[in-house]
Amino acid sequence: MLRRVNATADQQAKIHAIIEAASKDITPIRTSLRGTHDKLRTLLAAPQIDTAAIEALRAERSAAMDQISRRMTTAMEDAANVLTPDQRQKLAAIDMDRDRHHHHRH
């Protein structure tokens, strides 16, 4: 997609570095979330429902998802700042075309 907006090699390298750094930051958070379904299942299958433990698990999961969302948003902002305003407009137009095409398929 970066080629479609005529991003220079330097811009592409900077954006790839931004994406890689965000991915490294997000991976451990996602990994920590993997066991939450099993924990919830165990809590819900218990003889006594521990509402406080279920709420704590929900809050923990919600905080982790928020952390992922914030990191992704920062990465998108950083990547957008690497591009020129014209490139950002072209990228947005490509994204809107893709969304329109996706909606027509369903």
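Excluded from the calculations below are hydrogen atoms, water molecules and symmetry mates; all remaining heavy atoms, backbone and side chain alike, are included.
- I54 and M65 are assigned to two separate hydrophobic clusters, defined by single-linkage of ILVMFWY side chains at heavy-atom distances under 4.5 Å.
- Here the side chain of N81 pairs a donor or acceptor atom with the backbone of E77 at under 3.5 angstrom.
- For S32 against I29, the heavy-atom pair with the smallest separation is OG-O, 2.6 Å.
- One N or O on the side chain of T31 and one on the backbone of T27 form a donor-acceptor pair closer than 3.5 Å.
- Heavy-atom minimum distance, L44 versus I49: O-CD1, 3.5 Å.
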Please test L83 against Q11 for side-chain contact (heavy atoms from CB on, under 4.5 Å), starting from the C-alpha separation and ending with a verdict.
CA-CA 7 Å; L83 300 173; Q11 287 174 313; 4.2 Å; yes
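- Remark: the backbone N or O of I19 is not paired with any side-chain donor or acceptor of S23 at under 3.5 angstrom.
- Two different hydrophobic clusters hold M76 and I94 under the rule that ILVMFWY side chains link at heavy-atom gaps under 4.5 Å.
- Within the 3.5 Å criterion, the main-chain N or O of D86 finds no donor-acceptor partner in the side chain of Q89.
- The shortest non-hydrogen separation linking D25 to P28 is O-CD, 3.5 Å.
- Note that NZ of K39 and CD of E60 are 5.0 Å apart. Values are rounded to the nearest 0.5 Å.
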Between L33 and I68, is the side-chain contact (heavy atoms from CB on, under 4.5 Å) condition met? List the steps.
CA-CA 11 Å; L33 288 172; I68 290 171; 4.1 Å; yes
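- Note: the hydrophobic cluster containing M1 also contains I18 (ILVMFWY, side chain heavy atoms under 4.5 Å, direct or indirect links).
- Using a distance-only test at 3.5 Å, with no hydrogens or angles considered, a donor-acceptor pair links the side chain of R88 to the main chain of A80.
- We find the NZ-CG distance between K90 and N6 to be 5.0 Å, quoted to the nearest 0.5 Å.
- How far CG of L57 is from OG of S62: 11.0 Å, rounded to the nearest 0.5 Å.
- Taking CG of D50 as the start and OG1 of T42 as the end, the distance is 12.5 Å to the nearest 0.5 Å.
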